[in-house]
2 protein chains.
Amino acid sequence: MKLISQLSREANIPIGTIRFYEKSGLISGTTKQGVTSNNYVYYDDEVTEKLRFIKMAKAVGFTLAEIRQVIDAWYQKELTKASKMEVLNLKLEQIDTKIGELKAMKKQIARCKYNIENGLSQ
Amino acid sequence: MKLISQLSREANIPIGTIRFYEKSGLISGTTKQGVTSNNYVYYDDEVTEKLRFIKMAKAVGFTLAEIRQVIDAWYQKELTKASKMEVLNLKLEQIDTKIGELKAMKKQIARCKYNIENGLSQ
DNA sequence: CACAAGTATGAAGTATACTATATACTTGTG
DNA sequence: CACAAGTATATAGTATACTTCATACTTGTG
């Protein structure tokens, strides 16, 4: 259990962004029961994992709304087994599509490099 | 050589978005020389290719600024051979990174599916 | 116990990438 | 030649994802 600054260091995500994610419902911490002098929020390792996942998913073009769906399927959130599976399977398909697009881009760029090397226009 | 509505149909991108891309310097059409009655803009197949590339690149999380760099390296734009190569090689690296992230996500989701199937929490 | 550093909250501001609206001109068809 | 459909331009509005700012309270250290 860690406070936000430590979480920020571990996940390498700014505190402001973490707070934004929490407001957006992607992650959530807990206040320590019995403590009344403050309302500091504590986060466990599950949150760190979620943040790492969010970072990867964002890097490959998923929106926070899409990411949230996966996280909800992942970590319970009163959904049926079937609907969780649906979300995850759709996401797997989208991932394969993206991998295909990336491979197509690689080919195009390789061809482009070849043309430049050999002084061919276009 | 086609007008914007045909280009929009071919690339499956809204006219407004194409105009936005043109203003942003990602693509450019040409006015027909000799024609003075209008300022209709014509686009060739190179533009269609560029739009398809933009679409793929956006789908995997590249920004328009990044995409523009690649397009500029691709289609001349007074850059040295060396600087074009630098841009393209960097992009290839980023593509490989993204592929790696997508594969990591696949593994995580597969594990998650397994856990749900077997009624294991987390 | 002063005080720097950490934490919480709300509101406003910014960047990116569109999307819509209004206006005006042009072209093709009956 | 009326008129629907297409085109150009500028401006404003929207959605997403932050980022900054102001304020206020809490905690740990010398």
Side-chain angles (χ1 to χ4, degrees), chain A residues 1-44 47-48 50-72 94, chain B residues 1-44 47-48 50-72 94:
Chain A
M1 296 292 269
K2 48 215 158 194
L3 287 169
I4 198 160
S5 63
Q6 196 191 334
L7 178 64
S8 167
R9 274 191 303 276
E10 281 180 17
N12 202 28
I13 290 177
I15 290 178
T17 306
I18 295 175
R19 293 222 162 94
F20 173 73
Y21 289 163
E22 187 153 15
K23 258 191 292 184
S24 310
L26 281 128
I27 59 161
S28 59
T30 47
T31 49
K32 268 192 175 158
Q33 61 196 39
V35 177
T36 53
S37 66
N38 67 35
N39 40 356
Y40 288 9
V41 179
Y42 287 82
Y43 303 92
D44 57 23
V47 178
T48 313
K50 282 185 189 176
L51 286 179
R52 284 198 230 281
F53 182 80
I54 292 169
K55 216 175 179 182
M56 277 197 297
K58 269 187 46 58
V60 294
F62 287 109
T63 65
L64 294 187
E66 289 173 309
I67 295 166
R68 195 188 161 165
Q69 282 195 316
V70 177
I71 287 181
D72 286 353
Q94 292 174 340
Chain B
M1 296 292 269
K2 48 214 158 193
L3 287 169
I4 198 159
S5 63
Q6 196 190 333
L7 179 64
S8 168
R9 276 191 300 277
E10 282 180 16
N12 202 28
I13 290 175
I15 290 178
T17 306
I18 295 175
R19 292 222 162 94
F20 173 73
Y21 289 162
E22 187 153 16
K23 259 191 291 183
S24 311
L26 281 126
I27 60 160
S28 59
T30 47
T31 49
K32 269 193 175 157
Q33 61 196 38
V35 178
T36 51
S37 67
N38 67 33
N39 41 359
Y40 286 11
V41 179
Y42 287 83
Y43 302 92
D44 57 22
V47 178
T48 314
K50 282 184 190 177
L51 286 179
R52 284 199 229 279
F53 183 80
I54 291 169
K55 215 174 179 183
M56 275 197 299
K58 267 187 47 55
V60 294
F62 287 109
T63 65
L64 294 186
E66 287 173 310
I67 295 168
R68 193 185 163 168
Q69 282 194 316
V70 177
I71 286 181
D72 286 353
Q94 292 176 338

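In the text below, chain A, chain B and the rest are named by the order of the sequence lines, each starting its count at 1. These values consider heavy atoms only, across backbone and side chains, with no hydrogens, waters or symmetry-generated copies. Just so it is clear, the structure is predicted and the values come from calculations on it, not from any experiment.
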Opposite nucleotide pairing with C:dT14, Watson-Crick or G-U, both atom distances under 3.5 Å
D:dA17

Which base, if any, makes a Watson-Crick or G-U wobble pair with C:dT29, both distances under 3.5 Å?
D:dA2

Taking the minimum atom-to-atom distance to the side chain of A:Ser37, which one of D:dT26, C:dT19, D:dA17 wins?
D:dT26

Measuring from A:Ile27:CD1 to A:Ile71:CD1, what's the distance to the nearest 0.5 Å?
8.5 Å

Less than 4.0 angstrom between a side-chain N/O of A:Tyr21 and OP1 or OP2 of D:dC18, yes or no?
yes

Nearest whole Å is fine: how far is D:dT27 P from A:Lys2 NZ?
21 Å

Roughly, in whole Å, what's the span from CD1 in B:Ile13 to C1' in C:dC18?
12 Å

Across every strand shown, the nucleotide meeting Watson-Crick or G-U wobble geometry with C:dA20 (both distances under 3.5 Å) is D:dT11

Return the minimal non-hydrogen interatomic distance between A:Ile13 and A:Ser8, and the atom names on each side.
O-OG, 2.7 Å

Distance check, rounded to the nearest 0.5 Å: B:Lys2 atom NZ versus B:Arg9 atom CZ?
11.0 Å

D:dT16 OP1/OP2 closer than 4.0 Å to side-chain N/O of A:Lys58
no

Atom pair CD (A:Glu22) and OH (A:Tyr43), whose distance is rounded to the nearest 0.5 Å:
3.5 Å

d(NZ, B:Lys23; C1', D:dA12) in whole Å:
11 Å

If I take atom CD in residue A:Glu22 and atom P in nucleotide D:dT19, what distance separates them, rounded to the nearest angstrom?
17 Å

Hey, what do you get for OG (A:Ser28) to NZ (A:Lys50), rounding to the nearest 0.5 Å?
5.5 Å

Mind checking A:Thr63 for me? I need base, sugar-phosphate or nothing, with any heavy atom below 4.0 Å counting as a touch.
sugar-phosphate

Residue list, side-chain hydrogen bond (donor to acceptor under 3.5 Å, both in side chains) with B:Lys55, at least two apart or on another chain:
none

Check: protein-nucleotides 3-8 of chain C nitrogen or oxygen pairs below 3.5 Å:
| residue | atom | partner | partner atom | Å |
| --- | --- | --- | --- | --- |
| C:dG6 | N2 | A:Tyr40 | OH | 3.1 |
| C:dT7 | OP1 | A:Ser5 | OG | 3.3 |
| C:dT7 | OP2 | A:Ser5 | OG | 3.0 |
| C:dA8 | OP1 | A:Asn39 | O | 3.3 |
| C:dA8 | OP1 | A:Val41 | N | 2.4 |
| C:dA8 | OP2 | A:Arg19 | NH2 | 2.6 |
| C:dA8 | O3' | A:Asn39 | ND2 | 3.3 |

Give a yes or no on whether the backbone of B:Leu3 and the side-chain of B:Gln6 come within a donor-acceptor separation of less than 3.5 Å.
no

Closest to the side chain of B:Leu64, out of C:dA17, D:dT19, D:dT26, is C:dA17

How many whole angstroms separate atom CZ of B:Phe20 from atom C1' of D:dA15?
13 Å

Whole-Å gap separating P (C:dT16) and CD1 (B:Ile67)
13 Å

Tell me: CZ of A:Arg68 to P of D:dA17, nearest whole Å?
12 Å

What is the distance from NZ of B:Lys32 to P of C:dT27, rounded to the nearest Å?
12 Å

Any side-chain N or O of A:Thr17 under 4.0 Å from OP1/OP2 of D:dT19?
yes

